[in-house]
Number of protein chains: 2
Amino acid sequence: MNVLEKIVNSVNSFSKSERKVADVILANPQTTIHSSIAALAKMADVSEPTVNRFCRRLDTKGFPDFKLHLAQSLANGTPYVNRHVEEDDGPEAYTAKIFESTMAALDAARQNVDINTINRAVDVLTQAKKISFFGLGASASVAHDAQNKFFRFNVPVVCFDDIVMQRMSAINSTEGDVVVCISHTGRTKNLCDIAAIARENDATVIGVTAYDSPLAKECTLVLSLDVPEDTDMYMPMASRVAQLVLIDILATGFTLRRGTKFRENLKKVKDSLRGSRFEKKDF
Amino acid sequence: MNVLEKIVNSVNSFSKSERKVADVILANPQTTIHSSIAALAKMADVSEPTVNRFCRRLDTKGFPDFKLHLAQSLANGTPYVNRHVEEDDGPEAYTAKIFESTMAALDAARQNVDINTINRAVDVLTQAKKISFFGLGASASVAHDAQNKFFRFNVPVVCFDDIVMQRMSAINSTEGDVVVCISHTGRTKNLCDIAAIARENDATVIGVTAYDSPLAKECTLVLSLDVPEDTDMYMPMASRVAQLVLIDILATGFTLRRGTKFRENLKKVKDSLRGSRFEKKDF
DNA sequence: GGATAAGTTGTAATTAAATTACAACTTACT
DNA sequence: AGTAAGTTGTAATTTAATTACAACTTATCC
């Protein structure tokens, strides 16, 4: 909750002096954020510690922290909140909500992601003899996308969304091969099996999945995203977007690791598409 | 102008140490507003006065004032700026940049998207006898994802990433069928043909593509996203994420339009997956 | 109605943070 | 190589915020 609202709501629990402080702040919030504690105390005609106590009562660390919160409240509230779509939302409402909750999810993922593991995953991928991407259901399209990205790198890449093909592919994997298993929940039995089989055959298994899930336990390396989304109830949306962004990050790490010369190769792939497209100037 | 943008814009006018400060702030803006000048100086490996000078250069009164502005930027409209990955970025840097530019792209898309067209697209989709999703290359995985979503709705859905299959499918389409063509650039010749063929056969063609592109011209309805990404040079990243979110929005609009009874059907699809998964409590 | 305990407020001391002044160093140009 | 402009860091200073504690207020119980 926004600090300003909080002040209004807890006006009753304030003491006399604290209330004076609240009044002054509510009357000139913009001035407050540019005042020192001394100035504010003077305006409210109370002592400095009173102002400090007031801030603490609002669950902030102290006066400077309180000002930060207040500044954010003034800049029209919280930006991306994970708001759920409701029955009677119109197109405007649900469009905004989906955009915002996706952004909130990405923001959460960004903060939770483990850079070290990403770095190790990039290491492993750059050294792979062959890379396989496996996913089922909604994660299958993420796997496809990954294939589309890594394929440009001139590395053998395969992608299967069929359990039988995945199984065969996993059985044939050998040391130096990298298998990437994608599953938001990490509880898809078939995929856990695939991971186990691949590992038994000495492949390195990277899991793009929930930390501590059954799938995670079968993996050499786990890239967990921790997007709070209940895919048991809702369609996978934000979780899958976060997975895609993770793939983007791995692909980017890959290109950077491979150096400049290698990037010319990317250009070649791009150029090869030219014939199949209308030129920009054409219209 | 927002301080974050200002930092990005004036990166060139910064000195070496100031740039270090800028990088640290851009990488962890949220941490910054809760740090002291000493902590930030240490993180950026510069002296405290350097941080102070950095703040002044950005037309703030000093460090505390700078934090206030930063807090407001974070709360405000566009916190995430589209920064490009550079040669010598480490894992931390490129991870942050990709997350941020994706979020910036979503934010841009959110502002540009036309709610009316979305509403009309939802209309058309809910009344479709059959829905087809077509995409090539990176957009193929978006098409797959769309299939995975709409398939749950108990409507005939097909998805092809093969030109020949797409062509045959388009030729066989009839009135009441909806064809969704996905292409970021809108300049993929084959897909333009598909759209034209489908239209000739009286299908409604929805284009998820750039406004004013050759593909757009062939469509009945154009959902344009206007994500500034040069896919001629770089791999499609943010653009494709935006497309996915758009698909999420259409799917959501679809369920909402179909009413409560229909949503029980979704639950059934979900329940059918149960057997293939480990239960949550299992581990 | 006074005694006491709980709660509130302010003063003064302490601690922490930010800023300034200045010196050392680096870079670019002559 | 020498010099001036610009950049950076150290140490001193100033300012701000917090803590500890004492004084006061209010409410409650005998």
Side-chain angles (χ1 to χ4, degrees), chain A residues 3 6-7 9-74, chain B residues 3 6-74 88:
Chain A
V3 194
K6 211 164 181 175
I7 295 175
N9 287 338
S10 29
V11 146
N12 299 316
S13 70
F14 289 152
S15 71
K16 203 164 31 172
S17 302
E18 283 170 343
R19 188 155 188 170
K20 280 200 244 174
V21 178
D23 287 344
V24 172
I25 292 171
L26 291 174
N28 354 12
Q30 205 60 49
T31 316
T32 304
I33 60 173
H34 293 114
S35 306
S36 68
I37 195 167
L40 184 61
K42 201 167 183 181
M43 277 198 279
D45 194 30
V46 297
S47 70
E48 300 181 25
T50 299
V51 176
N52 197 281
R53 282 187 281 260
F54 170 87
C55 298
R56 291 243 227 282
R57 190 169 297 262
L58 259 27
D59 299 317
T60 60
K61 287 187 184 174
F63 184 68
D65 189 44
F66 169 79
K67 284 205 292 187
L68 244 34
H69 281 269
L70 185 59
Q72 295 202 315
S73 297
L74 290 176
Chain B
V3 195
K6 212 165 180 174
I7 296 177
V8 177
N9 286 338
S10 28
V11 142
N12 298 317
S13 71
F14 289 151
S15 70
K16 201 164 32 171
S17 303
E18 282 170 344
R19 189 157 185 169
K20 282 201 241 172
V21 178
D23 286 343
V24 171
I25 292 172
L26 291 174
N28 357 13
Q30 206 61 47
T31 315
T32 305
I33 60 175
H34 294 114
S35 306
S36 68
I37 195 168
L40 185 61
K42 202 167 182 181
M43 277 198 279
D45 192 33
V46 298
S47 69
E48 301 182 22
T50 298
V51 176
N52 197 280
R53 281 187 282 260
F54 171 87
C55 297
R56 290 249 221 295
R57 191 170 295 262
L58 259 26
D59 299 318
T60 60
K61 287 185 185 175
F63 184 68
D65 188 43
F66 169 78
K67 284 206 290 188
L68 245 34
H69 281 268
L70 185 59
Q72 295 201 315
S73 297
L74 290 176
D88 51 356

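The chains referred to below are lettered A, B, ... by the order of the sequence lines, with proteins before strands, and numbering in each begins at 1.
The side chain of B:I37 lies closest to C:dA18, out of C:dA18, C:dA21, C:dG10. Distances were taken from every side-chain heavy atom of A:P64 (C-beta onward) to each of C:dA17, D:dT18, D:dG9; the shortest belongs to D:dT18. Nearest to the side-chain atoms of B:S36 among the listed nucleotides C:dA18, D:dA17, D:dG9 stands C:dA18. Distance from the side chain of A:K67 is smallest to D:dA17 among D:dA17, C:dG10, D:dA11.
Here the P atom of nucleotide D:dT8 and the CD atom of B:E48 are 16 Å apart, to the nearest Å. Straight-line distance from the NZ atom of A:K42 to the C1' atom of C:dG10: 16 Å, rounded to whole Å. Rounded to a whole Å, the CG atom of B:D65 is 14 Å from the C1' atom of C:dT19. D:dA20 atom P lies 12 Å from atom CG of A:N52, rounded to whole Å. Nucleotide D:dT8 holds its P atom 9 Å from the CZ atom of B:R57, rounded to whole Å.
The backbone N or O of B:I37 lies less than 3.5 Å from no partner atom in the side chain of B:K67, so there is not a single donor-acceptor pair.
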Exercise for the section: Any chance you could lay out the side chain to side chain contact (heavy atoms under 4.5 Å, CB included) test for B:T50 and B:R53, step after step, and finish with the verdict? Expected result: CA-CA 5 Å; B:T50 298; B:R53 281 187 282 260; 3.6 Å; yes

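Each of B:R53 and B:F63 was assigned the nucleotide of DNA chain C with the nearest heavy atom; the assignment lying further toward the 5' end belongs to B:F63.
Contact annotation: A:T50 does not reach the phosphate of C:dT8 (side-chain N/O to OP1 or OP2, under 4.0 Å).
Across all non-hydrogen atoms, the minimal contact from B:A38 to B:E48 is CB-OE2, 3.5 Å.
Here the side chains of B:F66 and B:I25 are in contact, with some heavy-atom distance below 4.5 Å.
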